[in-house]
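What follows is a single structure, written as C-alpha cells, with notes after it.
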Amino acid sequence: MSVVLNFKSHLSELFAQALREVAPDHAGATVLIERPKQASHGDYACNLAMQLAKPLRRPPRDIAKALIAALPESDVIEKLEIAGAGFINVFITTAAKQHVVHGVLQAGAGYGHVHVGGGRKVGVEFVSANPTGPLHVGHGRGAAVGDCLCNVLHAAGWNVTREFYYNDAGVQIDNLTHSVRLRCLGVTPDDPSWPETGYRGDYIADIAQAYLAQESVEADDQHVKASGDVNDAEAIRHFAVAYLRREQDLDLRAFGVNFDVFALESALYTDGKVEETVSKLIASGHTYQQDDALWLRTTDFGDDKDRVMRKSDGSYTYFVPDVAYHLDKWRRGFTRVINEQGADHHSTITRVRAGLQALDVGIPQGWPDYVLHQMVTVLRNGQEVKISKRAGSYVTLRDLIDEVGCDATRYFLAARHPDSQLVFDIDLAKSKSNDNPVYYIQYAHARISAVLALWGGERQALLQAEVGLLDSEYETTLLQKLIDYPQVIENAAQDLAPHLIAFYLKELAADLHSYYNASRFLVDDEGIKRARLALVAAVAQVIRNGLGLLGVSAPEKM
RNA sequence: GCGCCCGUAGCUCAGCUGGAUAGAGUAUUGGUUUCCGAAACCAAGGGUCGUGGGUUCGACUCCCGCCGGGCGCACCA
C-alpha cells in the first residue's frame, strides 16, 4: 500500500465515491473537506450531508449515515462520527500521521512542494520603482510580498519569472534630470528658483557630485560614465538613471531579492513597440482625436472616463508604454501575469486592461492579475514617522535593513495580508525579545539544532527511526501540523497571500516550543530518542523551508 | 461626489471557496529552570466581529444601506 499523506484529497475522493452511490443525481456537488477548529471534532470534517439535505429533502443526519455506510474502506481512518447538524467528522489513525516524519526527512527542502501550477509559466512583476529616488518602505513591502509570492508560486509548481519594470523616460525623468543639473550648477532646493516639481532629496546632490567627478556606474548590464558636461541633459539623464538603479539594486540585493528580467520603458520606444501598440489601437477603432490629443475610449471596457494616449505635445502618456509592455509579456508566453503594486497605483488596472482588450489580440478579460498592497506607516518610539516626499525625507528600505536587519524587515513586511494597512513598528522589529515573532520562529529552529548537535548522531540514522513511538498529544499535534504544510502552500499560492506562511510558521513554532518544554529528547531509550529526534528534525526542516519562502534565514545558533 | 481597500480583545493582527463554543501574539495578573538553549512554557481575565437590514439549515465570511479610516480620481507614474 502506498503511503497516504494528503488526507484531504484522499478523503475528498472517498466521499466523492460515496456521493455517487448515495445521490447519483447530485454527484457534481462539491465535496468540501475542512480541518475543524476543535480537536474534538476530529482531524477532518465533511459537510456534504448538510449540503444535500435540501435537494434530497432528507434530514442531514440520515444522509450522513448513508454516506458513511457507502464510504470505501480506508486504513487511514480511525473512526467516523456524525455530529452537530450533520457534520461527518473523520479521525485519522496516529499510525497514518506518523508517516509524515519520514516524508519530511526524505523530501527535505522539497517537502511541501505541490504541483497545482503544473509547470506553467507565470510572470510576476513587482517593486518596479522608478529610478527617481531611493527605495522606501512601501517598495520594501512590495519587494517582500512580491518575492515571497514568487517563492510560494514556485513551491506550488509554477515556473516563475521575476520582473522589474522601470520608467526611464517621461516627465518624471525629465524632472530628475533637471534637478541633478541644477545641483551641478550649485542651486539648492532652498533657492527660490528651485522648481516645484524638482526632487529635493540630498541624494540628488550626491548624483550631481558623482556626475561632476566623472564617475562610472554599472547598472542592469549598462556601463555609464559621466561626462561631467553640465549642459548635456541627455548625459545627465543617462547617468542619473543608472546611478539610482544601481542604488536600488544594491538595496534589493541586501534585501535578498533578485530579478530575472529588468524591463526598460525606453526600450519599448526604441524597439518600436510603443508605435506598434498605438497603430493597433488606432486600427481597433477605439481611439479618437480631441483637443489636439489622441484618446482611447477605455469606457468601452469599463473605465469611468476615456484616457489620453498622445498628449497635445506629441508625447505619450505613461499608460501607452504600459500597454505595450503588457502586450510584450503576453507575446513572451505568459498566459498568467501577476503585478504586485502599491494600492496608490490602483487606477492603472482598469486602464491597462482596457488597452489590452482594445488591442483585440486574444488576451482574456481580467488579464493580468494584480496584488495590491496597502500603505505602510512607520512607527518609532510609538510615534508615526511622517513621510514627506516633497522635502525628500522618508524612511528608506536601506535604513530599515541597517537598523532592524534583513530578516525582521522581510518578516514584518510580508506577514500581513496585502490588503490591510501595515504599521511597521521599528522598536518591535528591532527587539530581540519574546515579543518579536521572527525570533520566536528562528529560536524554535535554533533550539532543535542545538539538541541535534548535542546528540551528535548521523542525520541518516533518523530515517530509520521508529515513528510508531510518537503518540503523545504534543507529538500528534506536531504530526498534524507537518501534514498541513503542503496545504498552506497551496492556499497561499491560490489566494496570492504569502502572509499565510508567516502565520503557519508561528503556529508550528508554538507547537514545537510547547513540546520542547514538556519533553526530553536525549533519553536513554534509544528507540524513543531517535523517534523524537526524527520528529523535531522534521519540524526544523519545515521551519527552514517556510522561512526560506519568506526569505528569512533559519540560524542554527542565535 | 465616484471607484478600490480596510473596520474582529487595550494594542498589532489571523480567521482557509459560509460551518460547530470567534483565535494568536502583545499588554495585565499569577505560576514554571538541580534537567538537551527561559529569545521558552503553563494558567486567568479581556469580544453585542463598526452599525442596520437581507439571503439560508447556518453569516466574521455573501448582498444592500449607513458610520469611520486609508488610497486613488492628470495630457505624473
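This is a predicted model, so every value here is computed, not measured. Throughout, a chain's letter reflects where its sequence line sits, starting with A, and its residues are numbered from 1.
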Which of the following nucleotides, [options], is nearest to the side chain of [X]?
| X | options | result |
| --- | --- | --- |
| K305(A) | C41(B), A74(B), A38(B) | A74(B) |
| Q38(A) | C36(B), U21(B), G19(B) | U21(B) |
| D419(A) | C41(B), A14(B), C6(B) | C6(B) |
| A446(A) | G37(B), C36(B), A40(B) | G37(B) |
| Q421(A) | G37(B), G69(B), G15(B) | G69(B) |
| Q374(A) | A14(B), G37(B), G70(B) | G70(B) |

Same-atom distance ([atom1]) from [N] to [M], integer angstrom:
| N | M | atom1 | answer |
| --- | --- | --- | --- |
| G18(B) | G10(B) | P | 29 Å |
| C62(B) | A24(B) | P | 23 Å |
| C35(B) | U48(B) | P | 46 Å |
| A44(B) | G7(B) | P | 28 Å |
| G54(B) | U12(B) | P | 33 Å |
| A40(B) | C71(B) | C1' | 41 Å |
| G69(B) | U8(B) | P | 14 Å |
| C42(B) | G25(B) | C1' | 16 Å |

Main chain of [Y], side chain of [X]: is a donor-acceptor contact present, judged purely on distance under 3.5 Å?
| X | Y | result |
| --- | --- | --- |
| D43(A) | F91(A) | no |
| Q248(A) | R245(A) | no |
| D313(A) | S315(A) | yes |
| R353(A) | P368(A) | yes |

Whole Å only: how far is the [atom1] atom of [X] from the [atom2] atom of [N]?
| X | N | atom1 | atom2 | value |
| --- | --- | --- | --- | --- |
| I63(A) | C57(B) | CD1 | C1' | 11 Å |
| Y288(A) | C75(B) | OH | C1' | 12 Å |
| F412(A) | G25(B) | CZ | C1' | 10 Å |
| H373(A) | C13(B) | NE2 | C1' | 18 Å |
| D427(A) | C11(B) | CG | C1' | 14 Å |
| D344(A) | C6(B) | CG | C1' | 16 Å |
| Y370(A) | C4(B) | OH | P | 16 Å |
| N130(A) | A77(B) | CG | P | 9 Å |

Do any side-chain nitrogens or oxygens of [X] fall under 4.0 Å of OP1 or OP2 in [N]?
| X | N | value |
| --- | --- | --- |
| K506(A) | A24(B) | no |
| Y440(A) | C41(B) | yes |
| K37(A) | U21(B) | no |
| T350(A) | G72(B) | no |
| Y443(A) | A39(B) | yes |
| K311(A) | C76(B) | yes |
| H346(A) | C6(B) | no |
| R447(A) | A38(B) | yes |
| T317(A) | A74(B) | no |

Quick one: the side chain of [X] and the base of [N], do they pair up donor-acceptor inside 3.5 Å?
| X | N | value |
| --- | --- | --- |
| N175(A) | A77(B) | no |
| Q172(A) | C76(B) | yes |
| D304(A) | G3(B) | no |

Now, which nucleotide makes the Watson-Crick or G-U wobble pair with [N], with each of the two distances under 3.5 Å?
| N | result |
| --- | --- |
| G37(B) | none |
| G7(B) | C67(B) |
| U55(B) | none |
| A14(B) | none |
| G72(B) | C2(B) |
| U29(B) | A43(B) |
| U61(B) | none |
| A20(B) | none |

Just checking M558(A): base, sugar-phosphate only, or nothing, at a heavy-atom cut-off of under 4.0 Å?
base
Check ion pair [X]-[Y] (N to O, under 4.0 angstrom):
| X | Y | value |
| --- | --- | --- |
| R307(A) | D303(A) | yes |
| E403(A) | R380(A) | yes |
| R532(A) | E475(A) | yes |
| D300(A) | R297(A) | yes |
| K273(A) | E275(A) | no |

Answer yes or no as to whether [N] has its base stacked against [X], where stacking requires a ring-centre separation under 5.5 angstrom and planes under 30 degrees apart.
| X | N | answer |
| --- | --- | --- |
| Y318(A) | C76(B) | no |
| F87(A) | A20(B) | yes |
| H41(A) | A20(B) | yes |

Could you tell me whether U33(B) is syn or anti, where syn means a glycosidic angle within 90 degrees of zero?
syn
Assess, by modelled atom type and distance only, whether the side chains of Y199(A) and Q172(A) contain a donor and an acceptor separated by less than 3.5 Å.
yes
